[in-house]
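First comes the structure, then the notes that go with it.
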Amino acid sequence: MEKRHKILEIENMQTYYGDSHVIQGLSMHVYEQEAVSIIGRNGAGKTTTLRSIMGLTPPRSGNIFIDGRQTTRWQPHKISRLGVAYVPAERHIFPGLSVEENLRLAARPGSGEDAWTFEKVCEHFPVLADRSHQDGATLSGGQQQTLAIGRALISNPRIIIMDEPSQGLSPILVQTITDVVLKFCVQSGITLLIVEQNYQMALKVASRHYLMDTRGEIVNNMTTRQLEDNPEIIQAHLSV
Ligand SMILES: Nc1ncnc2c1ncn2[C@@H]1O[C@H](COP(=O)(O)OP(=O)(O)OP(=O)(O)O)[C@@H](O)[C@H]1O
Ligand SMILES: [Mg+2]
């Protein structure tokens with residue numbers, strides 16, 4: 001088998017909020033073009049893990065490698081310039097800016113004919129095209145999530161890191177967002193790291209899953225097939 005490239009690798013990461021030791025030695029990796037999820041209950045340390053990768057809450061020790069580069073404690077803007085887009089759970093749509101402005105601010109040139117542009121976003125997300133002049137903050141939850149994903153795509157990233165995209169959405173909208181993530185991220189070859197408490201969504205979009213217990217402890221690392229065959233494992237880790 002050909003040796004796969006680890007586009008993201010974390011070794012023994014320790015992250016604190018002040019004296020609070022929230023991630024106590026996390027190791028994981030994501031191969032290029034792989035879609036991986038982190039599944040874990042409230043407060044396990046999922047968001048903190050993503051924030052550490054993005055440089056927003058830098059780890060105190062351990063190593064993070066992105067595309068072979070040691071990026072531990074790099075500034076967030078430097079990490080995003082490597083081609084890493086972050087879609088936070090709160091979506092962080094800029095209020096007072098239109099949908100179009102929210103998108104254009106995030107745009108970075110991509111290579112090739114299928115690179116994402118404002119026009120391409122409008123073509124694939126008519127809901128954003130129709131509302132391109134509307135203040136982004138006045139969109140509904142599902143529309144804001146679509147905008148947040150569009151904003152990630154228009155930066156033409158190699159890796160998208162998503163925190164609970166299903167949060168606060170109705171089941172129908174979760175389905176819509178699942179389809180969007182599958183079609184435009186996973187199937188188009190963008191590496192995906194997604195955090196979800198909605199494990200049904202995680203199983204649909206990702207092919208490998210890290211089960212996180214408290215304090216960022218990874219208790220298992222399984223394929224979608226293995227988890228589907230052993231649903232009790234998920235229940236054990238998500239129930240309180
Ligand atoms: N800014 C902060 N200051 C202090 N403690 C924090 C801060 N943010 C998170 N924590 C604590 O760190 C731990 C991990 O939080 P984190 O947000 O990473 O968990 P999570 O797995 O994303 O949870 P959720 O499912 O609620 O999103 C929790 O105990 C939380 O209370
Ligand atoms: Mg969280």
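First listed ligand is number 1; within each ligand, the first listed atom is number 1.
At least one test fails for Arg131 against the ring of Phe125: distance under 6.0 Å to the centre or angle within 45° of the axis.
Counted by atom type alone, Asn156 and Arg108 present zero donor-acceptor pairs between their side chains at under 3.5 Å. Side chain to side chain, Gln24 and Tyr16 fail the donor-acceptor criterion of an N or O pair below 3.5 Å. Using modelled atom types, one finds a donor on one side chain and an acceptor on the other under 3.5 Å when comparing Arg91 with Gln145.
Looking only at heavy atoms of the protein, atom 4 (C) of ligand 1 is closest to Tyr17 CB, 3.4 Å. Atom 23 (O) of ligand 1 has its closest protein heavy atom at Gly43 N, 2.8 Å. With hydrogens left out, the protein atom closest to atom 26 (O) of ligand 1 is Asn42 OD1, 3.2 Å, a heavy atom.
Between Arg158 and Val84, the closest side-chain pair of non-hydrogen atoms is not below 4.5 Å. The shortest distance between side-chain heavy atoms of Ile177 and Met201 falls below 4.5 Å. Ile218 places none of its side-chain heavy atoms less than 4.5 Å from the side chain of Leu211. Proximity of Phe65 to Lys6: side-chain heavy atoms (C-beta onward) are nowhere separated by under 4.5 Å.
Heavy-atom proximity to Arg41, at under 4.0 Å, picks out these atoms of ligand 1: 21 (O). Less than 4.0 angstrom separates some heavy atom of Thr47 from each of these atoms of ligand 1: 17 (O), 18 (O), 20 (P), 22 (O), 27 (O). Counting atoms of ligand 1 from 1 in the listed order, those under 4.0 Å from a heavy atom of Val22 are 12 (O), 13 (C), 14 (C). Short contacts between ligand 1 and Glu164, defined as distances under 4.0 Å to a heavy atom of the residue, involve ligand atoms 25 (O), 27 (O). Taking a cut-off of under 4.0 Å to the non-hydrogen atoms of Lys46, the atoms of ligand 1 that pass are 18 (O), 19 (O), 20 (P), 21 (O), 22 (O), 23 (O), 24 (P), 25 (O).
Checked against the 6.0 Å centroid criterion, the rings of His124 and Phe184 qualify as a close aromatic pair. Aromatic ring centres of Tyr31 and His29: separated by under 6.0 Å.
Counting protein heavy atoms under 4.0 angstrom from atom 31 (O) of ligand 1 gives zero. Distance remark: protein heavy atom present below 4.0 angstrom from atom 14 (C) of ligand 1.
Below 3.5 Å of separation, one finds no N or O of Gly40 facing any N or O of ligand 1.
Annotation: His133, atom NE2; neighbour count of heavy atoms from other residues, nucleotides and ligands within 6.0 Å does not exceed 12.
Residue Thr48 touches ligand 1 through backbone and side chain together, judged by heavy-atom distances below 4.0 Å.
Annotation: protein N, O or S atoms under 2.8 Å of the Mg ion (ligand 2) (waters excluded) comprise Thr47 OG1.
At least one heavy atom of Gly45 sits under 4.0 Å from some atom of ligand 1. Not a single heavy atom of Met212 sits less than 4.0 Å from an atom of ligand 1.
Contact check on Lys120 versus Glu123 returns no salt bridge, with no Lys/Arg side-chain nitrogen under 4.0 Å from an Asp/Glu carboxylate oxygen.
Using modelled atom types, one side-chain atom of Asn198 and one backbone atom of Gln200 make a donor-acceptor pair closer than 3.5 Å.
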